[in-house]
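Inspection log for the structure reproduced underneath, given as structure tokens.
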Amino acid sequence: MAETPDAKTARLQVNDPLGARIVLIDKPVFRIGRKSESDLRSVGTDVSREHAEIVRLDDGRFLLKDRGSRCGTFVNDEQVTERPLRHRDKIRLGRSGSAEMVFLADDAADSRLSHASGLVDLRPLTTLLDRLRGLGSSRVLDEVLVLVMDSAIDATGAERGFIMLANPKGELEFTIARARGKVTLSGKSFETSQKIPQEVFATGQERIVADLRDADLAGQHLGTVALGIRHVLCTPLRVVRYLERTATESDQRPIGVLYLDSREKGQLMSAAAQSALEAVAGEAASAIESARLYREATEKARIERELQLAAEIQRALLPDALLSGPHFDVASASIPCRSIGGDFFDYFNLAGDQFAFTLGDVAGKGPPAALLTAMIQGAFAAQVTSTDSPAALMAHINRTLIRRAIQSRFVTVMYGVLAPDGRLTYSNAGHNPPMLVGKTGVRRLETGGLILGLFPHATYEEETLQLEDGDTLVVFSDGVTEALNAAGDEFGEERLLPCIEAHRGSTPEVLLDRILVTVRTFAASAAQNDDVTALVLRYGKR
């Protein structure tokens with residue numbers, strides 16, 4: 001019959017990265033886990049914050065219960081949910097074996113702690129791991145790397161240590177190098193074994209080399225051996241993809257390696273040092289990844305703030321959407337597919353009560369297109385009052401862009417001038433032909449020339465039309481007609497024209513709104529890859 005443990009003498013003989021020790025089970029419910037509030041705190045890589053507990057039953061026996069740990073609780077190598085404990089039962093937290101203990105039911109010889117040669121008390125690592133978990137997104141990556149590297153060197157007695165992280169291509173790169181005494185090693189490359197870190201990263205398995213001078217290794221590590229380096233300890237840095245109870249090594253993603261070496265064997269080759277490094281690596285990987293993600297998030301937030309400011313500036317460069325004069329009403333809108341876009345529109349009041357307007361579409365998207373848009377708007381504003389005709393203005397803007405030699409950047413532009421008597425003079429530089437809708441039907445305005453910014457010797461023409469009261473001009477970018485629906489179909493002029501015809505009696509503001517709503521309804525949830533800009537101008541004396 002099994003011996004009933006005495007509540008006063010039940011103990012756990014513990015061997016984990018915090019050191020080998022004897023712990024008295026002195027509470028009715030004795031909690032075990034990574035939390036600092038645990039009665040027995042353990043820091044193995046597979047140990048959950050609230051991993052297990054030992055409950056003292058009324059009859060004096062002890063019951064081990066798993067508390068929903070991620071990697072399981074084992075008694076004598078059998079995974080259990082709960083199990084009555086017997087003297088000398090071997091308990092393991094998780095699969096890796098980094099946190100093991102023996103249940104002791106008496107005060108016999110098992111209650112003593114053996115201090116074998118080379119055993120290192122690693123309890124100071126508790127503070128380190130707490131700090132690592134607390135870093136997360138509150139400290140920068142460089143500080144995390146320094147803390148991890150110094151702690152790993154101190155815990156293992158190594159002379160040097162390196163952290164190598166994978167770049168976006170999956171290649172290992174030196175990230176930090178430190179030496180004993182918290183000394184930073186300068187440079188981007190060092191005399192270290194190249195083969196061992198690559199193998200550890202590729203396989204995800206720790207590598208321990210007791211002596212690099214071994215016949216099968218010496219030829220591969222000549223530079224390291226020449227420095228007197230003999231002993232190497234290298235472990236992968238892995239982060240768990242998802243925190244599930246059934247997670248295994250296959251559920252973990254390597255982000256780099258932690259490499260230590262030394263000329264003297266010392267404690268670097270001890271089992272305690274190796275367990276310590278495993279624990280540090282597990283915690284370090286999470287802390288490093290959190291710091292990297294935080295840095296990326298911070299950089300992304302900075303870029304988003306700058307883009308938001310750029311969008312506000314771009315909107316400020318556009319005139320008011322609605323404008324009315326003695327002989328016209330106009331409404332315009334520009335909706336970028338990103339934060340900032342490459343479409344623009346603008347209005348100009350010229351001598352003799354003439355009203356000028358332009359709408360353009362710069363090649364490309366995002367910041368480059370937005371910068372070129374601002375430059376072109378400035379060029380129009382600077383020249384519109386000193387150039388005699390739309391065709392001459394187009395030629396001048398083309399020369400300005402050619403002179404800037406902005407590679408692969410061009411713009412399509414429609415520019416027109418409306419006189420009080422209804423004369424409309426325009427020039428179209430490669431832009432979608434605007435639609436002039438009147439009593440006699442629909443006319444497309446195509447006279448002009450090539451796109452601006454690519455052809456040094458391009459010439460431009462202009463045309464003058466006589467508008468009647470109520471005639472309406474609709475100018476639009478290709479983001480309108482080339483808007484796509486989920487099936488990949490384009491909106492097209494065949495859908496735009498009926499929309500214009502159906503609302504031709506409405507004000508420019510209402511007609512513009514119906515065009516945009518119709519395009520948006522057609523596209524529905526399909527992602528768009530171009531800016532949508534339109535201008536509606538109606539001629540009519542008041």
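- Partners of Ala202 under the side-chain contact (heavy atoms from CB on, under 4.5 Å) rule, at least two apart in sequence or in another chain, do not exist in this structure.
- Formation of a donor-acceptor pair under 3.5 Å by the Arg49 side chain with backbone atoms of Lys35 is not found in this model.
- For the pair Val23 and Phe30, the minimum side-chain heavy-atom distance is below 4.5 Å.
- The shortest distance between side-chain heavy atoms of Val209 and Ile196 falls below 4.5 Å.
- Contact record, Leu260 with Ala152: CD1-O, 4.1 Å, taken as the closest heavy-atom pair.
- Remark: Ser42 OG to Arg34 CZ distance equals 10.0 Å, nearest 0.5 Å.
- Between Asp46 and Arg95 there is no salt bridge, since no side-chain N of the basic residue sits under 4.0 Å from a carboxylate O of the acidic one.
- Residues Thr175 and Leu145 form a side-chain contact, since some pair of their non-hydrogen atoms from C-beta on lies under 4.5 Å apart.
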- request: Please report the C-alpha distance between Val232 and Ile208 in whole Å, then the side-chain angles of each, then the deciding distance to 0.1 Å, and finally whether the side-chain contact (heavy atoms from CB on, under 4.5 Å) criterion is met.
  value: CA-CA 6 Å; Val232 172; Ile208 302 168; over 6 Å; no
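- Applying the salt bridge (Lys or Arg N to Asp or Glu O under 4.0 Å) definition to pairs two or more places apart or across chains, those involving residues 524-534 are Lys365-Asp530.
- Considering every non-hydrogen atom in both Gly342 and Ala369, the closest pair reads CA-CB, 3.9 Å.
- Remark: of the listed residues Ile91, Leu24, Leu104, Ile22, Ile91 is the sole one forming a side-chain contact (heavy atoms from CB on, under 4.5 Å) with Leu12.
- Rounding to the nearest 0.5 Å gives a distance of 14.0 Å between CG of Leu64 and CZ of Arg86.
- Here the side chain of Arg11 pairs no donor or acceptor atom with the backbone of Ala105 at under 3.5 angstrom.
- Not counting sequence neighbours, Phe74 has no partner by the ring-ring contact (aromatic ring centres under 6.0 Å, His included) test.
- In this structure the side chain of Val14 never reaches within 4.5 angstrom of the side chain of Glu100, judged on heavy atoms.
- Rounding to the nearest 0.5 angstrom, the gap separating the CE atom in Met164 from the CG atom in Leu172 is 7.0 Å.
- In this structure, NZ on Lys27 lies 13.0 Å from CD1 on Ile54, to the nearest 0.5 angstrom.
- Using a 4.0 Å cut-off between a side-chain N of Lys or Arg and a carboxylate O of Asp or Glu, Arg263 and Glu159 qualify as a salt bridge.
- Judged purely by atom type and a 3.5 angstrom limit, Arg180 uses its side chain to pair as donor or acceptor with the backbone of Ala158.
- Residues forming a side-chain contact (heavy atoms from CB on, under 4.5 Å) with Arg83 (at least two apart in sequence, or on another chain): Val75, Glu78, Val80.
- A 4.5 Å side-chain heavy-atom check between Val102 and Asp89 finds every atom pair outside the cut-off.
- Taking 4.5 Å as the limit, some side-chain heavy atom of Leu147 sits within range of a side-chain heavy atom of Ser151.
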- request: Verify side-chain contact (heavy atoms from CB on, under 4.5 Å) between Phe344 and Leu317, making sure each step is shown before the conclusion.
  value: CA-CA 9 Å; Phe344 67 92; Leu317 292 175; over 6 Å; no
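- Between Lys182 and Asp154, at least one side-chain nitrogen of the basic residue sits less than 4.0 Å from a carboxylate oxygen of the acidic one, meeting the salt-bridge criterion.
- Taking every heavy atom of both residues into account, Gln528 and Ala523 meet most closely at NE2-CB, 3.4 Å.
- Qualifying ring-ring contact (aromatic ring centres under 6.0 Å, His included) partners for Phe491, counting only residues two or more places apart in sequence or in other chains: Phe522.
- Remark: Ala333 engages Leu512, Leu516 in a side-chain contact (heavy atoms from CB on, under 4.5 Å) (not counting sequence neighbours).
- Considering all non-hydrogen atoms of both residues, Met149 and Tyr259 come closest at CE-O, 4.4 Å.
- Counting only heavy atoms from C-beta outward, the side chains of Val148 and Ile163 approach each other to under 4.5 Å.
- Two residues are said to be in side-chain contact when any heavy atoms from C-beta on lie closer than 4.5 Å; Val55 and Lys65 meet this criterion.
- Under the rule for a salt bridge (charged side-chain N to carboxylate O under 4.0 Å, His left out), the partners of Glu53 that lie at least two apart in sequence or sit in another chain are Arg31, Arg67.
- For Arg178, the side chain to side chain donor-acceptor pair (under 3.5 Å) partners two or more places apart in sequence, or in a different chain, are Asp150, Thr184.
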- request: Give the intermediate values and the outcome of side-chain contact (heavy atoms from CB on, under 4.5 Å) for residues Phe162 and Ile176.
  value: CA-CA 6 Å; Phe162 307 89; Ile176 187 172; over 6 Å; no
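- In this view, Thr73 and His51, Asp66 satisfy the side chain to side chain donor-acceptor pair (under 3.5 Å) rule, not counting sequence neighbours.
- Legend: residues meeting side chain to side chain donor-acceptor pair (under 3.5 Å) with Glu173, ordered by chain and number and at least two apart, are Asn167.
- The main-chain N or O of Gly488 is never found under 3.5 Å from a side-chain atom of Glu490 such that the two would form a donor-acceptor pair.
- Between atom CG of residue Leu57 and atom CZ of residue Phe62 there is a gap of 8.5 Å, rounded to the nearest 0.5 Å.
- Counting only distance, with no hydrogens or angles, the side chain of Thr203 and the backbone of Gln205 share a donor-acceptor pair below 3.5 Å.
- Smallest separation of non-hydrogen atoms from Leu63 and Pro84: CD1-N, 3.5 Å.
- The minimum heavy-atom distance linking Phe201 with Gly256 is given by the pair CE1-N, 3.7 Å.
- By the side chain to side chain donor-acceptor pair (under 3.5 Å) test, Asp343 is found to be paired with Ser477, Thr533, residues two or more places apart in sequence or in another chain being considered.
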- request: Show the numbers, then the answer: is there a side-chain contact (heavy atoms from CB on, under 4.5 Å) between Leu93 and Ile32?
  value: CA-CA 9 Å; Leu93 307 182; Ile32 304 170; 3.7 Å; yes
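- Looking at residues two or more places apart in sequence or on another chain, you find a side-chain contact (heavy atoms from CB on, under 4.5 Å) between Leu309 and Glu312, Ile313.
- Summarising the geometry, atom CG belonging to Leu233 is positioned 11.5 Å from atom CZ belonging to Arg207; distances are rounded to the nearest 0.5 Å.
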